[in-house]
Peer 1: 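Submitted below is the structure of interest, expressed as structure tokens.
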Number of protein chains: 2
Amino acid sequence: MAATTATPEGFAQKLADSGLRSTPQREVVYHALMRKQDHPTADELFARVKQEMPGISLATVYNCLEALVQCKLVRSVNFERGPTRYCPNLRPHAHFHDESSGATHDIDLPEGVLERINAILPPGYDARSVEIVFRGSAGAKR
Amino acid sequence: MAATTATPEGFAQKLADSGLRSTPQREVVYHALMRKQDHPTADELFARVKQEMPGISLATVYNCLEALVQCKLVRSVNFERGPTRYCPNLRPHAHFHDESSGATHDIDLPEGVLERINAILPPGYDARSVEIVFRGSAGAKR
DNA sequence: GAGCGAATTTAGAACCATTCCAAGTCGTGG
DNA sequence: CCACGACTTGGAATGGTTCTAAATTCGCTC
């Protein structure tokens, strides 16, 4: 539950923090992403968003996503060479890419895991971010 | 040290194991990759390889790399949306992407790290592979 | 509340890494 | 030595994404 950054307040604020404005398009794209907790591509989002804002263009969806990623309301993920996927889950988490279904699942990282992973870096390396991607099958369970 | 799979023997063998042949092009591409331990793109490799085999085509470089990846003589890595990069290091390792220089460094994984990372997966998830990518700067040291 | 400059949006062209295709070559088993 | 499949090749095609230039909208100032 708990809609992280429900919508109005924090939304405009986070954008503003990066010197960006809140616009109808950005809101609509953001909501389309929030509504369904899968990891849609820009194209998929475009299709969803067009329903409530028929005039929006694909370029704008890309622009909005870029803005949202920049102000850290959204994360982008890449699997192999596939199209970029977007994810409104801001907690530190890894991704599990199910090869049979093509679905992507968030794997929340238990406390301390990030620290331990950073610890494998030799001295002199300073990581700003780490990305962990599993590939396999998410059987039975779920 | 230790040129894993020096060249002739294991090379043809590994290809054969996947039902593939050893060809001059595949050898030349493989050696170009081995020679320089950076993480070249297909294009970069193409440029290098053309010097000793001027007639080779870009499509062939792609084909060869695909074959080499398939028979596990080579790994491919992707950073964000950039062109795929290739890497002859077969030991389990993470990648560190230096944002200032654009260079990529291999980070060998200490014994047991993979196991511990796999342990964060909830029951029902079965990972065939994990990929770890750091992003940051590799300062002074090196 | 009109006028302005800056930020956004838009449609379509442009890009670029990669894949596809159809034709030609090579090499191996029979 | 021939046939067949594996491999290579150049060029065309693809597909996600970015660029461009022009219109629109926003937030202000006067």
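First the proteins, then the strands, lettered A, B, ... as listed; each starts at 1.
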Peer 1: Which residue lies toward the 5' end of DNA chain D, A/Ser22 or B/Met53, if each is placed at its nearest nucleotide?
Peer 2: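 Upstream on the strand: B/Met53.
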Peer 1: What are the two closest non-hydrogen atoms of B/Leu20 and B/Cys71, and how far apart are they?
Peer 2: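 Residues B/Leu20 and B/Cys71, closest heavy atoms: CD1-CB, 4.5 Å.
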Peer 1: Can a donor-acceptor pair be found between the side chains of A/His93 and A/Arg75 at a distance below 3.5 Å?
Peer 2: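 On atom types as modelled, these side chains qualify, holding a pair under 3.5 Å.
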Peer 1: In whole angstroms, how far is the C1' atom of D/dG16 from the CD atom of A/Glu80?
Peer 2: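 That distance rounds to 16 Å.
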Peer 1: How many whole angstroms separate atom CG of B/Leu68 from atom P of D/dT8?
Peer 2: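 Going from CG in B/Leu68 over to P in D/dT8 covers 10 Å.
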Peer 1: Would you mind building the protein contact string for nucleotides 16-30 of chain C? One character per nucleotide, 5' to 3', B for base within reach (heavy atoms under 4.0 Å), S for sugar-phosphate only, - for untouched.
Peer 2: -SBB-----------
Peer 1: Is the ring pair A/Phe96/A/His105 parallel, tilted or perpendicular, if the boundaries are 30 and 60 degrees?
Peer 2: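 It falls in the tilted class, 30° to 60°.
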Peer 1: With a 4.0 Å cutoff (strictly under), does any side-chain N or O of B/Gln25 reach OP1 or OP2 of D/dT9?
Peer 2: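 Yes, such a contact exists.
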Peer 1: What is the distance, to the nearest angstrom, from the CG atom on A/Leu45 to the C1' atom on D/dG16?
Peer 2: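 That distance rounds to 14 Å.
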Peer 1: Would B/Phe134 and A/Tyr125 count as a ring-ring contact (aromatic ring centres under 6.0 Å, His included) here? Give the steps.
Peer 2: CA-CA 10 Å; B/Phe134 296 90; A/Tyr125 285 83; 8.6 Å; no
Peer 1: Between D/dG16 atom C1' and A/Leu65 atom CG, what is the distance in whole Å?
Peer 2: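 Computing the A/Leu65:CG to D/dG16:C1' distance gives 13 Å.
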Peer 1: Looking at C/dA7, I'd like to know if its phosphate oxygens (OP1 or OP2) sit under 4.0 Å from a side-chain N or O belonging to A/Thr23.
Peer 2: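 So the side-chain polar atoms of A/Thr23 never come under 4.0 Å of the phosphate oxygens OP1 or OP2 of C/dA7.
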Peer 1: Taking CZ from A/Phe46 and C1' from D/dT17, how many angstroms apart are they, rounded to a whole number?
Peer 2: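 Computing the A/Phe46:CZ to D/dT17:C1' distance gives 14 Å.
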Peer 1: Does a side-chain N or O from A/Thr60 land closer than 4.0 Å to OP1 or OP2 of C/dT10, or not?
Peer 2: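 For C/dT10, OP1/OP2 do have a side-chain N/O of A/Thr60 under 4.0 Å.
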Peer 1: Can you tell me the distance, in whole Å, between the CD1 atom of A/Ile56 and the P atom of D/dT25?
Peer 2: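 Result: 14 Å.
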Peer 1: Considering residues at least two apart in sequence or located in another chain, which fulfil the ring-ring contact (aromatic ring centres under 6.0 Å, His included) criterion with A/Phe46?
Peer 2: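 Checked A/Phe46 against ring-ring contact (aromatic ring centres under 6.0 Å, His included); zero matches.
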Peer 1: How would you list, by chain and number, every residue that makes a ring-ring contact (aromatic ring centres under 6.0 Å, His included) with A/Tyr86, sequence neighbours excluded?
Peer 2: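 A/Tyr86: no ring-ring contact (aromatic ring centres under 6.0 Å, His included) contacts found.
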